[in-house]
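Written out below as structure tokens is the structure these notes cover.
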2 protein chains.
Amino acid sequence: MNLTLKDIAQAMGVSVTTVSKALKDYKDISPETKTRIRAYTEKVNFRPNAHASFLRTQKTRLIGLVLPRLKHDFFNEITESIICYAASHDYKVIVLCSEESYEKEKSQIKELLQLNVDGIFISVAKNTNDYTHLKQVIKNNTPLILFDRTVKLVPSLQVVNDDFEAGFMATEHLIKQGCKKIVHLRGDLIPQISIDRFFGYKKALEKHNIPFKKELVTICSENTFEEGYKGVFNLIKKFPDVDGLFAITDLVAIGAMGAFKELGYQIPKDVAIIGYSNWLISSLITPKLSTIEQNGNKMGKQVMQSFLDLQNTDGEMATSKYQRLIIPSRLIPRTSSMKTTELL
Amino acid sequence: MNLTLKDIAQAMGVSVTTVSKALKDYKDISPETKTRIRAYTEKVNFRPNAHASFLRTQKTRLIGLVLPRLKHDFFNEITESIICYAASHDYKVIVLCSEESYEKEKSQIKELLQLNVDGIFISVAKNTNDYTHLKQVIKNNTPLILFDRTVKLVPSLQVVNDDFEAGFMATEHLIKQGCKKIVHLRGDLIPQISIDRFFGYKKALEKHNIPFKKELVTICSENTFEEGYKGVFNLIKKFPDVDGLFAITDLVAIGAMGAFKELGYQIPKDVAIIGYSNWLISSLITPKLSTIEQNGNKMGKQVMQSFLDLQNTDGEMATSKYQRLIIPSRLIPRTSSMKTTELL
DNA sequence: GGCTTTTACGAAAAGGTTTTAGTTAAACTT
DNA sequence: AAGTTTAACTAAAACCTTTTCGTAAAAGCC
């Protein structure tokens, strides 16, 4: 159906080899022939078959991107960023969604390898705790980059937010606003991001000599509005005097905010709230939600850039090197946490 | 690097043909040989090379999805829906973002054809008004499905929301709430969706004998918070007595809401507001924004299902048939438009 | 037992590109 | 003029799978 090198060669009265070389600018083809052939291929809109090409070159210019979910501002942003940046370097991205399922993640990785993608970028599912599928990628010599939800045990490139710093900054910010009894709505126990943010929270308390109480920490495994909402209702029974809250993600914070409002608390006067991720919604609700920026755009670019750098290395062992690139966090103070009105 | 049929054949002491046939369950291979070979391929984790396979079968099980943007609740939802549904039918999706650029859209289509994807799903860029690239797809006999931002002039399958009905419902809802002077913040002039919603608006006014005034309609080409915000500030100078507003999309509506609040208008008492798309944020802001549901999930499934149906048809001419599938709209009344408190 | 049918497997071509290793003719040496 | 370079092009193999067409042996038939 599609035109092939053979067709072009026939039409031009030259060999297949010559056409191929002309298109790839080999120096043993005369300038006249080159322009003649190129003009023709341009005219008939010929582009060499990518799969046949792969068979020789072993390069697909395809990248596999595996995400736990797509309907999520941050993953969404990082996806757009990777796709656009990849496109500008002539790479295309196959996007897969593990739907937080380890099984799916595993089989998707396998399928990507079967497709011979040039690289795999992945943010792992929450309950992924077996990493043989990831090690398989490395064994296969396919560049692997973990991002955001990473696994420290896998010897590959990893691009992460500074989650510890984020937890620390958020909590210290609340402390500086005068909070003494700070609740943390944390994420699940397994993911590194959730652990790191929690440690940041703890560290900030410690630094400011506020005793850590594990009862003030609740797990929100789903990261939804409802979890934040329910989390507050449960906590408030035992601790009606909380005056600060740091949530694992903005949506949870907004749920918490809803609960506090319903319970008659004033925000930020009675309780200061800060989230994480800087979702679009956070700057549009009332009061505007303080948060920590999670720059998906920057991270996406970093992931893609790291991949490109790998391509320009000697190859071979360049893939399986453990390295952690950390994207700095940034505090975005807004109304929801500003007890002292000095800023903003 | 990867194992091939040849390797397996060698190890098993049979021919390449036999291995291939065994894996594809041909009936001229004995059951014993089949199980023996399968056990081995399972063990060594062999999967046939997808590209070599393509060369014979002309099937890639890849789908190209072209979107104007990704950071957008609706496109995001539809993407997730398509990707997941596709995965369950063993198709993988290459996602491309035209960034609202006709030029990029055009070259991306070309690249997808070069990759021999089994189908292309596209929602066109705002300023796309030349359709030769789309017709090229049809000429290439590649199934093409347009969705949401479609082009009526292209003879292909199209899946759309009932935008006319949506505009009508939204406007009529405002009228029923007692609004007499209803502003419409519409989208750009070219996209069909924007035209249809506008026509719906007009039709509702007409039905209820409210004269249409073109000064009450403003174009918001960017569909952002700012556009809605500015739109209201501009309008309000001339028409301080507007009592209703229908915006092309929720984010614009929220911008408008912000402006009205700042100007001291009470919502919905002074002015009733309704958006379109049911973004996540709309149910979380105060007051909750009334809107029209734009079910991305449903549309994604419909798009993919239509594609699968095409695959099961005789092929050939099945691709280039003009057909429009309409996903019904649904009114979601919330606080922002409820002047009469009968509902909710 | 001589015939046809069935069973189980293999050879080879096709699919389109890339690249190595030529080949020919012209141009250049001395 | 004989030999060497260079320029411009080509043949053919390789990449890996699928599928058509064969072939050989075993089984079935009267």
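Throughout, protein chains are lettered first and strands after them, A, B, ... in sequence-line order, and every chain is numbered starting at 1.
- Per the geometry, CD belonging to A:Q58 stands 17 Å off P belonging to C:dT17, to the nearest Å.
- Whole-Å rounding puts the A:K6 NZ to D:dA12 P distance at 14 Å.
- The main-chain N or O of B:L96 is never found under 3.5 Å from a side-chain atom of B:Q108 such that the two would form a donor-acceptor pair.
- Remark: B:K71 NZ is loosely packed, at most 12 non-hydrogen atoms of other residues, nucleotides or ligands lying under 6.0 Å away.
- A:I145 CD1 to A:M304 CE: the interatomic distance, rounded to the nearest 0.5 Å, is 8.5 Å.
- Between A:L23 atom CG and C:dG16 atom P there is a gap of 16 Å when expressed in whole angstrom units.
- DNA chain D is contacted by B:F46, B:P48 of residues 34-48 of chain B, taking any non-hydrogen atom closer than 4.0 Å.
- Ring orientation note: the planes of B:H51 and A:F54 are tilted relative to one another, at an angle of 30° to 60°.
- Using a 4.0 Å heavy-atom cutoff across all strands shown, A:F54 reaches no nucleic acid atom at all.
- As a whole-Å value, the separation of B:D28 CG from D:dA26 P is 18 Å.
- In this entry the distance linking NE2 of A:H51 with P of D:dA14 reads 24 Å, nearest Å.
- Rounded to a whole Å, the CG atom of B:N2 is 11 Å from the C1' atom of D:dC16.
- Checking the phosphate oxygens (OP1, OP2) of C:dA8, no side-chain nitrogen or oxygen of B:T33 falls inside 4.0 Å.
- Closest to the B:T18 side chain, of the nucleotides D:dT18, C:dT19, C:dC9, is C:dC9.
- Separating the CG atom of B:L5 from the P atom of D:dT19 is a distance of 12 Å, rounded to the nearest angstrom.
- A residue-by-residue look at A:I29 and B:N49 shows that A:I29 has its nearest nucleotide of DNA chain D further toward the 5' end.
- At a cut-off of 3.5 angstrom, counting only N and O atoms as typed in the model, there is a donor on one side and an acceptor on the other between the side-chain of B:R56 and the base of D:dT18.
- Shown are B:R69, B:K126, B:K104; of these, the salt bridge (charged side-chain N to carboxylate O under 4.0 Å, His left out) with B:E99 is made only by B:K104.
- Remark: side-chain polar atoms of B:R324 are not paired, donor with acceptor, to backbone N or O of B:Q158 under 3.5 angstrom.
- Residues B:S15 and B:A52 both approach DNA chain C. Their nearest nucleotides, taken by heavy-atom distance, put B:S15 toward the 5′ side.
- Checked by distance alone, A:T17 brings a side-chain donor or acceptor within 3.5 Å of a matching partner on the base of D:dA12.
- Ring geometry for A:F75 against A:H72 counts as tilted: the plane angle lies between 30° and 60°, on a 0 to 90° scale.
- Within the 4.0 angstrom heavy-atom criterion, base atoms lie near A:S20.
- Taking atom OH of A:Y26 as the reference point, atom C1' of C:dT17 lies 11 Å away to the nearest angstrom.
- In this structure, B:T57 does not reach the C:dG15 phosphate: none of its side-chain N or O atoms is under 4.0 Å from OP1 or OP2.
- Side-chain proximity of A:L55 to D:dT18, C:dG16, C:dT19: nearest is C:dG16.
- Considering only side-chain atoms of A:S53, the nucleotide from C:dT17, C:dC9, D:dT18 that sits closest is C:dT17.
- Residue-level contact check: A:K21 touches the bases, meaning some heavy atom is under 4.0 Å from a base atom.
- Within 4.0 Å (heavy atoms only), A:V14 reaches sugar-phosphate atoms of the nucleic acid but no base atom.
- In B:K34, the NZ atom is crowded: over 12 heavy atoms of neighbouring residues, nucleotides or ligands sit closer than 6.0 Å.
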